[in-house]
Amino acid sequence: LANGLFTLLYLRHKERSFEQTAYHCLIVGWFGSLVALVSGTIDAARQLIGPDAPRDNALLTWVNAHAATGIATAIVYGQALLRRRRNPTILDDATLRGGYLRLLVVGALLVVVGGWLGGHLVYELGLGS
């Protein structure tokens, strides 16, 4: 989400340091999403596989929705990162900027939805307690 904030600041003020910070946030965030996917998969397997695992299909649906959102987030931000790496001045090119910004908006929405789903799993459905 910090990437989106610094991207907006760059578009508003045209200060190159904002664009560089946005790029660095994108890199760190994308690698962080990979770590979250691996650790989340391990934790889900620990809690949902085995003889003592809950056999609640509704719970599994919520877990799968959270996992799918996490994977989609990594893919969307991965695409944004590839576009930015291939064209470092993408924000200065009016024809390329729109698609890049749409990826950032979709990614931000996925982060918010994924966070809500994770909170629902923990605080409403009691997963992980």
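In this structure, the side chains of Thr89 and Leu96 stay at 4.5 Å or more apart for every pair of heavy atoms. Side-chain contact between Thr73 and Leu37: absent, with no pair of heavy atoms (C-beta onward) separated by less than 4.5 Å. Taking 4.5 Å as the limit, every side-chain heavy atom of Val105 sits out of range of all side-chain heavy atoms of Leu101. Proximity of Phe6 to Gln20: side-chain heavy atoms (C-beta onward) are nowhere separated by under 4.5 Å. Considering only heavy atoms from C-beta on, Tyr23 stays 4.5 Å or farther from Asn3 through its side chain. The shortest side-chain heavy-atom distance between Leu5 and Leu8 does not fall under the 4.5 Å cut-off.
Contact detail for Leu91 and Glu19: the closest heavy-atom pair is CD1-CG, 3.8 Å. When every heavy atom of Thr69 is checked against every heavy atom of Leu110, the shortest pair comes out as CG2-O, 3.3 Å.
In the hydrophobic clustering of this structure, Ile27 groups with Tyr10; members are Ile, Leu, Val, Met, Phe, Trp, Tyr whose side-chain heavy atoms approach within less than 4.5 Å, directly or through other members. Clustering ILVMFWY residues whenever any of their side-chain heavy atoms sit less than 4.5 angstrom apart, transitively, puts Leu125 in the very cluster that holds Trp116. Leu117 and Leu109 fall into different hydrophobic clusters, where Ile, Leu, Val, Met, Phe, Trp and Tyr side chains are chained together by heavy-atom contacts under 4.5 Å. Both Val111 and Leu104 sit in one connected hydrophobic cluster of ILVMFWY residues. Membership requires side-chain heavy atoms under 4.5 Å apart, directly or through other members. Cluster membership check: Leu11 does not share its hydrophobic cluster with Leu103, using side-chain heavy-atom separations under 4.5 Å among Ile, Leu, Val, Met, Phe, Trp and Tyr.
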Indicate every side-chain donor-acceptor pair of residues 56-64 with a distance under 3.5 Å to a residue at least two apart or in another chain.
| unit_1 | atom_1 | unit_2 | atom_2 | d |
| --- | --- | --- | --- | --- |
| Asp56 | OD1 | Ala58 | N | 3.1 |
| Thr61 | OG1 | Asn57 | O | 2.9 |
| Asn64 | ND2 | Leu60 | O | 3.2 |

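Rounding to the nearest 0.5 Å places OG1 of Thr21 at 12.5 Å from CG of Leu26. Remark: Leu9 CG to Lys14 NZ distance equals 12.0 Å, nearest 0.5 Å.
Between the side chain of Tyr77 and the backbone N or O of Ala108 there is at least one donor-acceptor pair closer than 3.5 Å.
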Asp43 and Thr41: CA distance, side-chain angles, deciding distance, side-chain hydrogen bond (donor to acceptor under 3.5 Å, both in side chains) verdict: CA-CA 5 Å; Asp43 191 49; Thr41 301; over 6 Å; no
